[in-house]
Amino acid sequence: MLRCLPTFRARAARAMSTTPSLVQIEKKDNYAIVRLSRAPVNSLNMELLQAIDEAVQSLEQDKNIKGMILSSTNPKIFSAGLDITEMYQPKTKRLREFWRAFQNTYLRLYTTPLATVAAIEGHSPAGGCLLAMCCDSRVMSLGGPLIGLNETKLGIVAPFWMRDVMVNTIGHRETEKMLGLGLQVNALRGKEIGLIDEAVPVEQVHSVAEKLLLEWLSIPSSARKLTKAMMRDETAQKLRSRLDEDRSNFVDFCETDKVQSALAGYLAALKKKAEAKAAK
Ligand SMILES: CC/C=C\C/C=C\C/C=C\CCC/C=C/C(=O)SCCNC(=O)CCNC(=O)[C@H](O)C(C)(C)COP(=O)(O)OP(=O)(O)OC[C@H]1O[C@@H](n2cnc3c(N)ncnc32)[C@H](O)[C@@H]1OP(=O)(O)O
């Protein structure tokens, strides 16, 4: 028994050192940087969504931490959005759990009392755009990266709560165009429509994100938190009161032949693009 213990410990230590963490948390004085870390593109599968939810929850419980910067370990991709392979040819039980994880992560991040800033160095489509919109402010790098809710381009429809968050961020008419046309925009255009607060060269994204976060943290904390709740709770409550209905809608919609064949086509196009890139 005694001889087993070091072996067990060694195994556990090996497992810990070889299991890559999906989310990296770096604590600073009174805030944390949370970096999404699921190679290659931070696509949001169930485990990554749960890891984000848990990370935010653990920071909320840390008395020293008042805010967080949401970022990525991949400077070219903030997040590729929901992992399409979770939705393609799914097992119903897993699909249901996956959607609940997405709902939970949205509710956690959108309503967290922490001050939050998204530091977006790379692309941020669909679910990636939602994560960014859940933050109090967004800084994005100038140049190539794009952000937006491109669901219609995949032949799928964003749920009402993704629409609501976009309406709250950029207003009804801009959302109508962005969502209906499945548009993604660069940082400059994002700033023009209010989706992005600061558009800066990539090397400044983190310092500007920190500056914005400190501005939020300079506000008396109970006033800041109550105001955030006053602005966001009604929107969150709309989903909270319809969690099961929303999940059933998603599962039914996702399992239709039409959606499955649209997802198959989209995945094939992504694969073809990746192969062409690798062949260069
Ligand atoms: C009537 C309605 C009733 C009810 C409605 C209820 C519910 C609504 C139902 C559904 C709504 C769901 C909401 C959906 C939200 C989403 O987030 S959908 C996901 C959308 N995401 C995208 O479109 C992004 C796709 N990816 C890209 O554009 C690019 O990959 C990139 C710009 C992010 C990165 O480009 P590159 O750096 O060039 O990398 P590659 O393209 O080569 O990709 C590398 C590798 O990763 C795979 N991959 C990329 N994105 C995803 C993804 N989202 N999911 C899974 N896998 C992804 C890609 O295929 C490559 O794989 P390999 O070929 O290397 O294996």
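When reading the values below, keep in mind they use all heavy atoms of this one structure, side chains included, and skip hydrogens, waters and symmetry mates. Given the structure is predicted, the values throughout are model-derived calculations rather than measurements. Indexing begins at 1, ligand by ligand and atom by atom, following the structure's order.
Of all the listed residues (D83, L44, L82), L82 holds the heavy atom that lies closest to atom 53 (N) of ligand 1.
In L154, the part holding a heavy atom less than 4.0 Å from any atom of ligand 1 is the side chain. Of all the heavy atoms of E275, none lies under 4.0 Å from any atom of ligand 1, so neither backbone nor side chain is involved. Only the side chain of K273 comes within 4.0 Å of ligand 1, counting heavy atoms alone; its backbone N, CA, C and O stay farther away. Contact annotation: for N150 versus ligand 1, heavy atoms closer than 4.0 Å belong to the side chain alone. Here K153 has no heavy atoms under 4.0 Å from ligand 1, in either its backbone or its side chain. Here F253 has side-chain heavy atoms under 4.0 Å from ligand 1, and that is the only part of it that gets that close. Residue P40 touches ligand 1 through its side chain alone, judged by heavy-atom distances below 4.0 Å.
In terms of protein heavy atoms, atom 27 (C) of ligand 1 is closest to L270 CD2, 3.8 Å.
Checking only distances, A80 does come within under 3.5 Å of ligand 1, N or O to N or O.
For atom 37 (O) of ligand 1, a protein heavy-atom neighbour is present inside the 4.0 Å cut-off. Atom 65 (O) of ligand 1 is not flagged as protein-proximal [any protein heavy atom, distance under 4.0 Å].
Follow the hydrophobic side-chain contacts under 4.5 Å out from V117 and you reach L217 in the same cluster.
Ring geometry for F102 versus F98: interplanar angle under 30°, hence parallel rather than tilted (30 to 60°).
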